[in-house]
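Below is one structure; the comments refer to it alone.
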Amino acid sequence: MVQPERTAETPTTRAVGVSLRSVSKSYGATAVVRDLDLEVAPGEFVSMLGPSGSGKTTTLKMIAGFEQPGAGSVHFDGRDVTDLPPERRDVGVVFQNYSLFPHLDVGANVAFPLRMRRVPGQERAERVQRALEMVDLGGYERRRVAQLSGGQQQRVAIARAIVFEPRLLLMDEPLGALDRRLREAMQLEIKSLHERLGVTVVYVTHDQEEALTMSDRVVLFRDGAIEQHGSPREVYERPSTAFAADFLGDSLSISARLLPGGLLEVPGLPAQRFPLGTGMPVGPVRLMWRPHAVEVTAPSGLPAEFSADRLRIPVEVLAGGYAGDVTRLRVRFAWGDEGVVATPSRGIDHRRGSSVDLHLSLASAVLLPVQS
Amino acid sequence: MSAPARSDLAAAPADPVGPPPPGRPARRRRLRPGALPVAVIVILLVLPSLIVVPMSVSPGEILRFPPDGFSLDWYRTLFTEPQWTSAMLNSLQVALATTVLAVLIGAPAGLALGIREWRGRGLLLGLVLTPVVAPPVVVAIGMYTTYAQVELIGRWGLIAAHTVLAVPFVVVTVMSAARQIDPTWLDAARSLGASPLRVALTVLVPLAGKGIASGALFAFITSWDEVVVSLYLTDPGFKTLPVQMWNQLRERVDPTVAAVASVMLLITTSAMVAALVIGWRRDGAARENG
Ligand SMILES: Nc1ncnc2c1ncn2[C@@H]1O[C@H](COP(=O)(O)OP(=O)(O)OP(=O)(O)O)[C@@H](O)[C@H]1O
Ligand SMILES: [Mg+2]
């Protein structure tokens, strides 16, 4: 898969840009997608991430044409395709359960879209062979689907979705049914396919790590609307809400208060001048740090301290989990806030009930609005 | 990537002759608990039906068992006398027309009922199955009175009535085949470029085909040996085989009736066996795929 291909590939230069404009969808009385706007650039790899039931699959189905939006419109390269049936959208779809046709062998499954397009037999066979080679299943044409492992079935499904050189590839949790190691290998394969084919990819997952490692851009869904979108680094390091911060990974956050005059107050400590412009109204806020931005040291025995732009706060260890190079600690502040930090595995007592000092820099803190 | 792929494949259970998986017990010599009911059915039902076969080759004028010789005269009568030949042709005609109509109506209904859940599904299924659960005489009288209003009697009346009786069988067999169809296969086919019609031809029909075929055979049998409704709906110029037989029995009992019965039995049994073989092969295929 990763080694260079000998066969001349035809990179898709026709990658399509997708835009959803004020799209809504309800089933009965429940609004599943609410007034959603989304732009996907040609050739971009976009992940839709979000909790179960947040409307990711429904959105994908509206892009594929399996479902009609109740309101709003879907555009490919600016052209309105809202009323175009799926078979005329030229979109490859990969489903979580592979959905290979059980009455056809591997070759016939991959040939299916070419047969629908009346590609002549000789060319069809060549393209099927090339697509199977691309997913490292060369020579598997005559195999029965039921004889393949889950990972192999999913690769056949991918071959079937790319063999007709679609302008857009949609994937709905394609790796959800695979074990972790296979999943990680397949993530790399899909990424490299994306690069070689140049096709636009919209990828649904509820695994935040997968979304962060694979995508050009992550779109975070919540209750049928987009909570935040941006590059993986942006959404991870600069989440705009507490929900986004929590969903995208472990974090440590403390409640604080913005006071008039650019002052910040942390529980139990005198207010300090906050060094960054916040754009946030006076009142309660949360300060959030990702685990890698927090320094953990052995307890100094001194009380908490807030000086210049640094905080030093003693916390209680609730649980420690050794994870190879780093140890993850769940900690609790004296006033009750809890969070997760990571520290190099050497030199720290991470037993339950022990105490450590946290060093927090305001420059690396993210200021989040407090949810009502 | 390629090395684990190959070893996965080697590990896949490709040989169907391996030891049976745990859930399925190995075949044993001992009599199964089902043997007794089967024996009762054979003795009470199958043997009395089969007795018409020897009776039909008896040379004498009266029905008797055991036969007092061997003669095919009664079969000659059957295949030469116009009242019998036309009844046979009528029956075939009605049964074939019924089969086609019942499949055209029942197969789409069975697919719709079997593939996805939707509101009102249970209600529709109940409606479709009514003709099977209602007593035949009630159905017959109901059909007679309504069909007579619109002068739907004779050939077309019979075809219509038999279709109503046969549709449930098609629906049920197709529905059980359709249960194996994952609705995402239909979405997949659409996204790969198949119009709804081509999805039906390339995905639905192949996957539900055996269900449709056994449904068609059941539909054929339903019409072929239907007598109660037919008695009401035949007109003097258009009789089916069971009706002709019934009339004949009331006048005079001779071995022609036994010959007719044997022919009917042969056709019905062949259709049943075909339907069973199809069903059995389908189960086998499902097990192999599952
Ligand atoms: N056909 C349907 N009829 C009624 N409700 C539906 C239907 N399809 C989806 N829903 C509802 O719409 C909501 C959003 O579903 P959707 O499948 O888009 O979520 P998702 O983000 O893909 O979730 P998951 O991560 O679990 O796949 C859910 O509450 C679901 O129950
Ligand atoms: Mg989903």
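Per chain, numbering begins at 1; letters A, B, ... match sequence-line order.
Using a 4.5 Å cut-off between heavy atoms, Arg198(B) touches chain A through its side chain atoms alone. Only the side chain of Asp182(B) comes within contact range of chain A, with heavy atoms under 4.5 Å apart. With a threshold of 4.5 angstrom between heavy atoms, Asn97(A) approaches chain B through side-chain atoms but not through N, CA, C or O. For Arg88(A), no part lies near chain B; criterion is any non-hydrogen pair under 4.5 Å. Proximity to chain B is absent for every atom of Leu104(A), based on heavy atoms less than 4.5 angstrom apart.
Counting all heavy atoms, side chain and backbone alike, Ala194(B) lies closest to Glu87(A) at O-CB, 3.5 Å. Phe101(A) and Trp185(B) make their closest contact through CE2-O, 3.4 Å (heavy atoms, listed as atom of the first residue, atom of the second, distance). When all heavy atoms are compared, the tightest approach of Asp187(B) to Phe95(A) is CB-CZ, 4.0 Å. Heavy-atom minimum distance, Thr202(B) versus His103(A): O-NE2, 2.9 Å. Of all non-hydrogen atoms in Arg190(B) and Pro85(A), the two that sit nearest each other are NH2-CB, 3.6 Å.
For the set Gly92(A), Pro113(A), Gly65(A), Ala64(A), the count of heavy-atom pairs under 4.5 angstrom toward chain B peaks at Pro113(A).
Within the model, atoms CZ of Arg160(A) and OG of Ser191(B) stand 7.0 Å from one another, a figure rounded to the nearest 0.5 Å.
Heavy atoms of other residues, nucleotides or ligands lying less than 6.0 angstrom from NE2 of His75(A) number more than 12. Environment of CZ in Phe112(A): crowded, with over 12 heavy atoms of neighbouring residues, nucleotides or ligands closer than 6.0 Å.
Under a 3.5 Å cut-off, the side chain of Arg117(A) and the backbone N or O of Leu192(B) do form a donor-acceptor pair.
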